Q: 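First the structure, then my questions, so here it is.
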Amino acid sequence: MITPAEAITLQEQLRAQVITTDVLPHPIRTIAGTDVEYDKSTNLIAGSVVVMDYNTLAVLAVASHCMEVTFPYIPGLFSFREMPPLLEAYRQLQVEPDLIICDGQGLAHQRRFGLACHFGVTLDKPVIGCGKTRLCGEYENLGETRGSVAPLIAEDDQALIGNALRTRDGINPVFVSTGHKVSLATATDIVLKIATQYRLPETTRLADHYARLALLAYKSGSKEPPAGI
DNA sequence: GCGACAG
DNA sequence: ATCTTGTCGC
Ligand SMILES: [Mg+2]
């Protein structure tokens, strides 16, 4: 299908569409989380989107989609691997969220167009990028307590591309960046608010859980291979 | 050429 | 992402 070289050209073309200021509902009522799980033995993957109440974090809707991977994992081209199942799951969603938090970077990317940007521009919805580890950029002097923030600066042009955010005292930070229609400051506030009990936002944790379930359900209710010979 | 490198 | 129980530290 699409080649890595073509994917890079597409990113450089779409990056101009990213909006880095707040263009989202007042007040925020619902928030969605997304994640993709992989099956070690087959090339199946499952993407899930879970919508939660912004204040109570009650689950309002969930949609998942299983399919075969269509693109290899290449740092910088991650969205071409994980977006397919997420777009289909999102399409099936019965409740439209006010904003979305993706499990990966937004602007904190070599070409300033990570998964959160690609997903946001594609859906034209507010999206926040929240990665567990760093893809690019450097930061220093991050405090040890929850709520501590340190700017993530791009190595090449010294641009502010995101924030390292400590969501739990003394535990590794998460990396927050604008995906689309959410400023870095707002994105950082929201991730801290949604990461109530663990390092990761509850949205990401729940999406991860539902994607796992979807993969297991799909495999059990599918063809022959496993169990009885 | 070598090391880094979202999930 | 995935392989995976116990173990070290706060
Ligand atoms: Mg993930």
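Model, not experiment: these values are computed from the prediction. Computation of the quantities below employed the complete heavy-atom set of this structure, encompassing side-chain atoms and omitting hydrogens, waters and symmetry-equivalent molecules.
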Q: Go through B/dA4, B/dG7, C/dC3 for me and flag the one nearest to the A/K40 side chain.
A: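 Ranking B/dA4, B/dG7, C/dC3 by closest atom to the A/K40 side chain puts C/dC3 first.
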
Q: Under 30°, 30 to 60°, or over 60°: which ring-plane class applies to A/H118 and A/F113, parallel, tilted or perpendicular?
A: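 Taking A/F113 first and then A/H118, their aromatic rings sit tilted (interplane angle of 30° to 60°).
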
Q: Indicate, with a heavy-atom threshold strictly under 4.0 Å, whether A/D39 touches base, sugar-phosphate, or nothing.
A: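 No contact.
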
Q: Expressed in angstrom and rounded to an integer, what is the separation of A/I45 atom CD1 from C/dA1 atom P?
A: 13 Å

Q: Is there a side-chain polar atom (N or O) of A/S79 under 4.0 Å from OP1 or OP2 of B/dA6?
A: no

Q: Is it true that A/K181 and A/D124 have a side-chain N and a carboxylate O under 4.0 angstrom from each other?
A: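 A salt bridge is present here (some side-chain N lies under 4.0 Å from a carboxylate O).
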
Q: Heavy atoms under 4.0 Å, any strand shown: does A/I171 hit a base, just sugar-phosphate, or nothing?
A: nothing

Q: Quick one: do A/D157 and A/R112 make a salt bridge, cutoff under 4.0 Å?
A: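 Here A/D157 pairs with A/R112 in a salt bridge, since their nearest N and O are under 4.0 Å apart.
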
Q: Are A/T204 and A/D35 close enough that a side-chain donor and a side-chain acceptor fall under 3.5 Å?
A: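 Checked: A/T204/A/D35 side chains show no N/O donor-acceptor pair below 3.5 Å.
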
Q: Base, sugar-phosphate, or nothing: which does A/R168 touch, judged by heavy atoms less than 4.0 Å apart?
A: nothing

Q: Whole angstrom is fine here: how far is it from OH in A/Y139 over to P in B/dA6?
A: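 The answer, rounded to whole Å, is 14 Å.
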
Q: Between A/L115 (CG) and C/dA1 (C1'), how many Å, whole number?
A: 14 Å

Q: Has A/R134 got a side-chain N or O lying under 4.0 Å from the OP1 or OP2 atom of B/dC5?
A: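 Yes, such a contact exists.
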
Q: Nearest to the A/K132 side chain among C/dT2, B/dA6, C/dA1, which nucleotide is it?
A: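 It is C/dA1.
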
Q: For A/L152 and B/dA6, what is the distance between atoms CG and C1' respectively, to the nearest whole Å?
A: 12 Å

Q: Checking all strands, does A/G114 fall into the base, sugar-phosphate, or nothing category for heavy-atom contacts under 4.0 angstrom?
A: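 Answer is base: heavy atoms of A/G114 come under 4.0 Å of a base.
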
Q: Is the phosphate of B/dA6 approached by A/Y73 (side-chain N or O, under 4.0 Å from OP1 or OP2)?
A: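 So the side chain of A/Y73 is within the cut-off, an N or O lying under 4.0 Å from OP1 or OP2 of B/dA6.
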
Q: Rounded to the nearest Å, what distance is computed from the CD atom of residue A/E37 to the P atom of nucleotide C/dC3?
A: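 Spelled out: CD on A/E37 to P on C/dC3 is 10 Å.
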
Q: From the list C/dA1, B/dG7, B/dA6, which nucleotide is the closest neighbour of the side chain of A/L135?
A: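 Among the listed nucleotides, the one closest to the side chain of A/L135 is B/dA6.
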
Q: What integer distance in Å separates A/E68:CD from C/dA1:C1'?
A: 17 Å

Q: Got a salt bridge between A/R134 and A/E155, using NZ or NE/NH1/NH2 to carboxylate O under 4.0 Å?
A: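 A salt bridge is present here (some side-chain N lies under 4.0 Å from a carboxylate O).
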
Q: In whole Å, I'd like the distance from the CG atom of A/D35 to the P atom of C/dA1.
A: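 Computing the A/D35:CG to C/dA1:P distance gives 7 Å.
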
Q: NA contact type, A/Q110, heavy-atom cut-off 4.0 Å: base, sugar-phosphate, or nothing?
A: nothing

Q: Is there a side-chain contact between A/K219 and A/S41 in this structure, where contact means two heavy atoms from C-beta onward sitting under 4.5 Å apart?
A: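 They are in side-chain contact.
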
Q: Can you tell me which nucleotide in B/dG7, B/dC5, C/dT2 comes closest to the side chain of A/P75?
A: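 When the side chain of A/P75 is considered, B/dC5 is the closest of B/dG7, B/dC5, C/dT2.
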
Q: What nucleic acid atoms does A/G129 come within less than 4.0 Å of, heavy atoms only: base, sugar-phosphate, or nothing?
A: nothing

Q: What integer distance in Å separates A/F175:CZ from B/dC5:P?
A: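 Nearest whole value for this atom pair: 10 Å.
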
